[in-house]
*Asks:* 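Got a structure for you, questions after.
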There are 2 protein chains.
Amino acid sequence: MCLPSGLQSIDAKAMKKRITLSDVAAAAGVSKMTASRALRGTGDVSRSSMEKVGRAAKEIGYVGNHLAMSLASRRSDLIGVVVPSFLNVVFAEVLSGIAESLDGSGMQPVFGVTDYDPDREYEIIRNMLSWNPAGLIITGLDQPDETLQLLENADVPVVQIMDLDGTPVDACVGLSHHAAGASMAEALIAKGRRRFGYVGCGLDRDTRARKRFTGFKEALSAHGLALKTTWTGPGPSTVKAGREFTAQVLETHPELDCIYYSNDDLAVGGAFHCIAAGINVPEALVIAGFNGLDLVESLPVRIATSRTPRREIGNAAARIILGSDRDDPATGGTRTEFRPEIETGL
Amino acid sequence: MCLPSGLQSIDAKAMKKRITLSDVAAAAGVSKMTASRALRGTGDVSRSSMEKVGRAAKEIGYVGNHLAMSLASRRSDLIGVVVPSFLNVVFAEVLSGIAESLDGSGMQPVFGVTDYDPDREYEIIRNMLSWNPAGLIITGLDQPDETLQLLENADVPVVQIMDLDGTPVDACVGLSHHAAGASMAEALIAKGRRRFGYVGCGLDRDTRARKRFTGFKEALSAHGLALKTTWTGPGPSTVKAGREFTAQVLETHPELDCIYYSNDDLAVGGAFHCIAAGINVPEALVIAGFNGLDLVESLPVRIATSRTPRREIGNAAARIILGSDRDDPATGGTRTEFRPEIETGL
DNA sequence: ACTGATATCGATACCGGTATCGATAACATT
DNA sequence: AATGTTATCGATACCGGTATCGATATCAGT
């Protein structure tokens, strides 16, 4: 504010020239090239200059510039990860698994959120490609053609996660949601349930939930059964919505002995309603979700769920990217299947 | 595998040369510079070449290269965001808020996870700085000196989020956790509670939870009260841990009429235990958490919590970065305070 | 016809690194 | 002593864009 501060600020700004590799080289008394080699630890540098450069870099606080590095070497250590939402714990765990497996590899994940919007997904992928990442991990197999073309044109390994029902661009790792829905139906029928209802949210946007729903219905049909009622809402899957929808469904269909939800968040809401309404879960009514959230196993009542290995999916995806050789088109094309464990709670 | 396929692969690789601005310029019959200007929409380009370039770019599928762009223009549209964990919904919502406010600004958030490890935080920040981002959003005010120095040397606007109890590098937005702990104690005392217990997880790493704890205890002291018992565990805050710890605490201290938890995850676990054990919540025992998770309002029993505005904090942080002018050191230094709403459930 | 202003464009020099290849020195080989 | 090897290093040409400034064309004014 006062004069000295003003002067100092000008001074500081003048000083604030980015410290470059040339500065390090000058300080160490070697050429830029030698400094570059020394800092990267590639061979062909004497021990003495190695030390000189290291010391100089530390001394003047050299940070390096990934932009220049990646541009010059035509490769970056970024891995683009595209998921529909952060709010869903499931994706949070996948991301966590990815970060875990990437740790120590020198690769850095960059996350993008599509909010289940295909247009936004296209934009995000396009944006990520412009950083020419070492790889891309994207959610699902149901991208629109335009997006697929983008991915195919780009010379980047792509791993599609979570889903297996469809054709991957390159590699994919996940599980068959159609099969998951079907086996939940099988398991519940085997436990004697007959009068099923369904509650789902955001099915228009969540293609995987839709696949589970279809698989579930088909398995019922195969046993000569059908859903007594289907309640779907547009909003996001929340515990609150689960609780409200369950109350409404049970009002019109008190005869149900099982409700299948599009996921655990809704199912937990259903469980809360039952607890509050004094409905005996699971004897009188089975609440069945999907994902096997940690939360579920601590619930005061036992509900059914399919435990999906989120962290493992993230791990596997990251490892595929790490193992894929950009110059060898033969890499990739792998298909890694996980099978959810079904828990009926009965 | 067979010859033609091999040949094609070689061919495809030869074709797979990155499409650059020069290609677009050639296709449009203008210079690189004109193509650059046309694509960016900066002035000084005739309508006709604008269209030619646009068409050519679309036709040959030009994607652009952020690396080169950022390097040449010495500015990037990346915003680095550093949080301790994805698994905590709170941070997921903050990230979501950041992404929301950044949407349409042309800025892209890049997320890093520290796992509550200061060394990793240092590395992540260092790595982010090497992409010279337009700004940095980091969690908390308690970075080690080394990290602070890194931040101060870098010529990048920094916003520290979540916490206000301390001195920010530049701007900060969040709430006082010390005050939040204290006001929860005040509110509970006002409701007639006297026999308090505390359950917390990961306090060694979560400095903000520690501040709440301290604030809580100090407020109790001010009323001549003290905690009857303190139960702290090392692991992460999970619902499961909350349920187990609560069972154990109540076994030795059945006289408690209120338990304060380090956050809502643990508190929800506590609520689950009480439901399962038939303990009357909140009349017989108040369960008090922190954060005001959506989940909490759907619970079959009412628990106390402090509603923190996660999304708003994210929004505010993003807007500070967007509004900060890199060349004007006067920007920043703002301190944006949010006050949590307290809900006692009584 | 000449001048000046305005609109449009391109040549060139970078941004901060890396790839490549040739130069140099030190040492071993015959 | 002449030659070959190996280890180390630096000059130079990029990577794919943008900044800058000067060149050219067009048109109005006189």
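In what follows, chains carry the letters A, B, and so on, assigned in the order in which the sequence lines appear, proteins first and then strands, with residues in each chain numbered from 1.
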*Asks:* Are A/Asp117 and A/Arg205 ion-paired here, with the side-chain N under 4.0 Å from a carboxylate O?
*Replies:* no
*Asks:* Test your reading of the model: is there a side-chain donor-acceptor pair from B/Thr139 to the backbone of B/Val82, 3.5 Å cut-off?
*Replies:*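 Between the backbone of B/Val82 and the side chain of B/Thr139 there is a qualifying donor-acceptor contact (under 3.5 Å).
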*Asks:* Please lay out, stage by stage, how B/Val156 and B/Asn132 fare under the test side chain to side chain contact (heavy atoms under 4.5 Å, CB included).
*Replies:* CA-CA 8 Å; B/Val156 164; B/Asn132 58 303; 5.6 Å; no
*Asks:* In whole angstroms, how far is the P atom of C/dC9 from the CZ atom of B/Arg47?
*Replies:* 12 Å
*Asks:* Does A/Arg18 pair with B/Asp155 as a salt bridge, N-O distance under 4.0 Å?
*Replies:* no
*Asks:* Using whole Å, report how far CG of A/Asp44 lies from C1' of C/dT24.
*Replies:* 14 Å
*Asks:* Each nucleotide N or O in nucleotides 16-20 of chain D that has a protein N or O under 3.5 Å away: list the pair and distance.
*Replies:*
from, atom 1, to, atom 2, distance (Å)
D/dG16, N2, B/Ala68, O, 3.4
D/dG17, OP1, B/Tyr62, OH, 3.0
D/dG17, OP2, B/Leu21, N, 2.7
D/dG17, O5', B/Tyr62, OH, 2.9
D/dG17, N7, B/Lys32, NZ, 2.7
D/dT18, OP1, B/Arg40, NE, 3.4
D/dT18, OP2, B/Ser36, OG, 2.1
D/dA19, OP1, B/Arg75, NH2, 3.1
D/dA19, OP2, B/Arg40, NH1, 2.9

*Asks:* Considering just the side-chain nitrogens and oxygens of B/Thr34, establish if one lies under 4.0 Å of OP1 or OP2 belonging to C/dC9.
*Replies:*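 False: B/Thr34 side-chain N/O out of range (4.0 Å or more) of C/dC9 OP1/OP2.
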*Asks:* When the ring centroid of B/Phe86 is compared with that of A/Phe91, is the distance short of 6.0 Å?
*Replies:* no
